[in-house]
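Right, one structure below, let's go through it.
Atom set for the values below is all heavy atoms of this structure, side chains included, hydrogens, waters and symmetry mates excluded.
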Amino acid sequence: MSMDLAVRENLRARHRRNAVHFCLYLVLLTVAAMCFFPFLAMLIGSTQDNLTITTRFTLVPGNRFAENYQRMMQNKDIWGGFLNSMWLALTNTALCLYFSAMTGYAFSKFQFKGRGGLFTFIMVVMMLPGQLGVIGFYREVSDMKLMNTYWPLIIPAISNCFAVFFFKQFLDSGLPNEMIEAALMDGCSEIGIFHRIVLPCMGAALVTQGVMSFIGNWNSYLNPLLILNRTRMMTLPVLLASIKSGGGASDYGAQYVGILISVAPLLVLFTFANKVIMEKIAIGAAVKG
Amino acid sequence: MNTRKRQKWAYLFIAPFFLSFLTFSIYPIFYSLFISFHDYNPLTLKMTPVGWSNYTRLFGSNYFWSSVVNTVEIWLISIIPQLTIALILSLILNERWVKGKNALRSIYYFPNLITPITIGMLFTLLFGHPGGAINNLLVSSGLAAEPVNFPNTPILSKIVGGIAICWQNFGYNIIFITAGLHSISSDVYEAAEVDGANAWQRTTQITMPLLRPIMLYIMITSIIGGLQIFDIPKMLFNGSNNNYATRTMVLYMYESAFQNWQFGYGAAAAYTIALIIGAFSVLTIVYNGARGRERKVK
C-alpha cells in the first residue's frame, strides 16, 4: 500500500519535471526561431516580386529570384564590391596575424626595457571609444594625399591590439622557453626562430584570431565609407549602404538579394568555424572574468 | 645567452606594430583634440584657432543633447531585454538535461556576425510601413487593424532600433555568461545539493552572486559599445523619415563632420561623447562596488 503510494508520488514528480522541461525547451526554441526569422524573411523576400513582399505575409518562396538579382546588378556592381571586400579582408587578416604574432611573441618571450609600460599603454588605448580618432584619421589621410587608396585601410591592420593581447596570452603558457633556448644554442637566427618555431606552435591561436579578423574586416564600414568615394573601389557594406541612401528604398526584392550576398560568406564561414569562434569569445571571457 | 643582443630583436619585432599604431591610432586621437579647438574651412583648407567655442556651441545645442537622450533611450531599450534573455537562456542551457546546447548557442550567436549595416537594412525592410513583413504579419493575423507606422512614430522607431541591437548582441552575451557559469566550481553545487537546496535556490543563492564579476564586465563593455551605436541607427529608416528619433550621439558627430563638414565642431562632439561614455562606465563601477560592499555588510 505505502509502496504503491511512493511509486505514484515518484511518477507525479517525474511528470512535473517533464512539464517544466517541456516549457523550458519551448522557451529555447522560441528564441531560436526569433533569431532565425529575419534570415527567413530575407530568403523568402529575395524570391518574391515587390507586390507580394509589400502586400501579404508569406513563408512560401516565390520564383522571382533571377529578376530581383538582375535588378540588383543593374543598379550596383555587387560582385565588384564583393571582390574588393574579399581581397581586402584576406590581406588585412594575413597582415594582422603575422605582425600581431610577432609583437605578441616579443612581449611574451623577451625582457626588454619599457615592456610593461608599452603593454599597459596598448591595453589602455584598447579601452578608448573608437570614434575618438575618426575625424583626426580622416584629416590625416587627407593631408597625406591617401584618399581613395587602400593604404589607410590596410596598414592599420598591422596594429591590432586585441590580437597582440590574445597571442601574448597564448604564448605565455603555450610555448616553453626551453624550445627557444635550444634553437638559439643550435645557432638558429632570431627571425628563423620566429618563422620556424613560434609561428608553427601557434596554429590553433592563428586560426581562431584569423577567423575573427576576417569577420571584423568583412564587416568594416566606417573607415571604408570615409576613405573610398569611387564606386568601383567600394567595399560591399559601403556599396550596399549606398543603394539605400540612393533612394532605392522601394525595391525590396533587389535589396534582399544584396543582403543575402553580404551574409552568405559569413554563413559559410560560421558553418565550418562556429566552434572556433565561440571558443575564442569564451577565452576572452575567461581572461576578463 | 647574449641578452642585450636579444633585446634589440625585441624592439625590431614590435617596431611594425608601433609604427602603424602611432600613425593610425594614437596620432589621430591627438589630432582630433587639436582640431576640436579650431575652425576648419573645408574650401580653403585653413584652420583657425577658436579656443573653446566649438565646445560651448555644442553644449548649447539642443540637437546634440537630444541625440544623447536618444542614445541612452535606445541603449536602455536594448540592454534590458538583452541581458535578461541572455541570462535566462544561459541558465537553462547550463542545465544537464538540455540537448543540443552547442547548436542552440550557435544559432543565438550568429546574428552577432552580421554587419550592422546589413542588420539596419534588414530591420528597415522588416518594419517598413505599410508593406514590411512585420506589418503584413500583424495585419494578416488580425493583431493590428491597419499597418503600424514604425518609421514615423518616434518611440516605435527607437524600439525597433533597440530590438535590432538586442537581436544582434544577446547571443554574444550568452557565450560570456556561459563561460562565467563554467568557472563556478561544481563542488559548491554539490555541497548545496547535500544541504537540500533545490534548483531555484541554487540559482538565486549561488549562481547569481558568483556571476556578479562577469555581469559587471558585460555591463561595462555594453556601455562602451552600446553608447557608440552608429551603423544600425544610420541605416534604420534612413530616407523614409527625418530620423531625428533614432539619431544617436555618434551619428550626430558623423553628420556634423562628414555631412556639414564642420570638423572642429565634430571633433568637439567626439571628445564630449568619450567623456560621457567614460562617466557612465565609472558610475556603473562605483554603483556596483557600493552594492557589493552593502551585500558583504549584511
Side-chain angles (χ1 to χ4, degrees), chain A residues 21 24 27-28 31-32 35-36 38 41-42 53-57 99 102-103 105-106 110 112 125 128-137 139-140 155-156 158-159 164 184 190 215 219 221 226 237 240-241 244-245 247 249 252 255-256 259 262-263 266 270 274 278 281-282 285-286 288-289, chain B residues 1 6-7 9-11 13-14 16-17 20-21 24-25 27-29 31-32 35 85 89 92 97 104-111 113-115 117-118 121-122 125-126 131 133 136-137 140 175-176 179-180 183 213-214 217 224 228 231 235 238-240 250 253 257 263 266-267 270 274 277:
Chain A
H21 286 190
L24 292 181
V27 172
L28 290 176
V31 178
C35 264
F36 190 66
M42 165 189 84
I53 296 172
T54 50
T55 49
R56 56 196 178 87
F57 181 77
F99 287 105
M102 206 177 220
T103 314
Y105 166 57
F110 288 80
F112 56 92
V125 175
L128 292 178
Q131 35 75 28
L132 203 51
V134 170
I135 293 170
F137 176 76
R139 290 299 321 145
E140 179 192 19
I155 296 169
I158 294 171
S159 48
V164 169
L184 276 173
E190 291 284 354
I215 293 168
N219 286 343
Y221 173 65
L226 296 178
L240 278 177
K244 191 77 198 315
S245 43
Y252 282 63
Q255 282 191 61
Y256 275 127
I259 297 173
S262 90
V263 173
L266 296 178
F270 192 62
N274 63 345
M278 305 212 315
I281 301 164
K288 285 143 191 163
Chain B
M1 214 129 338
R6 289 209 72 202
Q7 271 209 15
W9 277 99
Y11 291 120
F13 282 157
I14 62 170
F17 174 91
S20 158
F21 190 54
F24 288 112
S25 298
Y27 177 75
I29 291 176
Y31 197 21
S32 288
I35 293 171
I85 295 172
L89 293 188
I92 300 177
W97 51 267
L104 283 167
R105 282 196 196 110
S106 299
I107 293 174
Y108 298 147
Y109 177 67
F110 185 67
L113 291 181
I114 297 169
T115 332
I117 287 302
T118 311
M121 283 178 78
L122 196 53
L125 296 183
L126 290 178
N136 291 337
L137 183 65
S140 63
I175 299 180
F176 259 82
S183 71
I214 202 112
Y217 176 78
I224 296 177
Q228 288 191 75
D231 317 38
M235 292 310 289
N238 190 10
S240 53
V250 175
M253 177 210 83
F263 287 112
I277 293 173

(Q) Only pairs of heavy atoms separated by less than 4.5 Å count here; which of A/Ala106, A/Pro38, A/Ser262 has the most with chain B? (A)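 Most heavy-atom pairs within the cutoff with chain B belong to A/Pro38.
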If you tally heavy-atom pairs under 4.5 Å against chain A, which of [options] wins?
| options | value |
| --- | --- |
| B/Val250, B/Ile117, B/Leu104 | B/Ile117 |
| B/Ala257, B/Gly266, B/Ser106, B/Ser183 | B/Ser106 |
| B/Ala270, B/Ala267, B/Ser20 | B/Ser20 |

Give, as side chain, backbone, both or neither, the part of [X] having an atom under 4.5 angstrom from any heavy atom of chain B.
| X | value |
| --- | --- |
| A/Val31 | both |
| A/Tyr221 | side chain |
| A/Ile158 | both |

Nearest 0.5 Å please: distance from the [atom1] atom of [X] over to the [atom2] atom of [Y].
| X | Y | atom1 | atom2 | value |
| --- | --- | --- | --- | --- |
| A/Phe99 | B/Phe13 | CZ | CZ | 11.5 Å |
| A/Asn219 | B/Ile114 | CG | CD1 | 8.5 Å |
| B/Arg105 | A/Leu28 | CZ | CG | 10.0 Å |
| A/Gln255 | B/Thr118 | CD | OG1 | 11.0 Å |
| A/Phe270 | B/Tyr109 | CZ | OH | 7.0 Å |
| A/Ile259 | B/Thr115 | CD1 | OG1 | 10.0 Å |

Q: Check for a donor-acceptor pair, side chain of B/Ser32 on one end and backbone N or O of A/Gly136 on the other, with a separation under 3.5 Å.
A: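 Looks like yes, one N/O pair under 3.5 Å.
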Q. Side chain, backbone, both or neither: which part of B/Ile224 has an atom under 4.5 Å from a heavy atom of chain A?
A.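 Side chain only.
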Q. Which bit of B/Ile35 comes within less than 4.5 Å of chain A, counting heavy atoms only: side chain, backbone, both or neither?
A.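 It is the side chain, since no backbone atom gets that close.
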Non-hydrogen side-chain atoms of [X] and [Y] separated by less than 4.5 Å:
| X | Y | answer |
| --- | --- | --- |
| A/Met42 | B/Leu126 | no |
| B/Leu122 | A/Tyr256 | yes |
| B/Ser25 | A/Pro156 | no |
| B/Trp97 | A/Leu24 | yes |
| A/Val164 | B/Phe21 | no |

Q.
Could you walk me through whether A/Phe112 and B/Ile14 satisfy the side-chain contact (heavy atoms from CB on, under 4.5 Å) test, starting with their C-alpha distance in whole Å, then the side-chain angles of each, then the deciding distance to 0.1 Å, before giving a yes or no?
A. CA-CA 11 Å; A/Phe112 56 92; B/Ile14 62 170; 4.0 Å; yes
(Q) If you apply the rule side-chain contact (heavy atoms from CB on, under 4.5 Å), what do you find for B/Gln7 with A/Phe110, and how did you get there? (A) CA-CA 7 Å; B/Gln7 271 209 15; A/Phe110 288 80; over 6 Å; no
Q: Give the C-alpha distance, both sets of side-chain angles, the deciding distance and a yes or no for side-chain contact (heavy atoms from CB on, under 4.5 Å) between A/Met102 and B/Phe17.
A: CA-CA 9 Å; A/Met102 206 177 220; B/Phe17 174 91; over 6 Å; no
(Q) Under the criterion side-chain contact (heavy atoms from CB on, under 4.5 Å), I'd like the reasoning laid out for B/Ile277 against A/Gln131: C-alpha separation, chi angles, the key distance, then a yes or no. (A) CA-CA 11 Å; B/Ile277 293 173; A/Gln131 35 75 28; 4.1 Å; yes
Q: Please name the pair of heavy atoms, one in B/Pro28 and one in A/Glu140, separated by the smallest distance, quoted to 0.1 Å.
A: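 Looks like CG-OE1, 3.4 Å.
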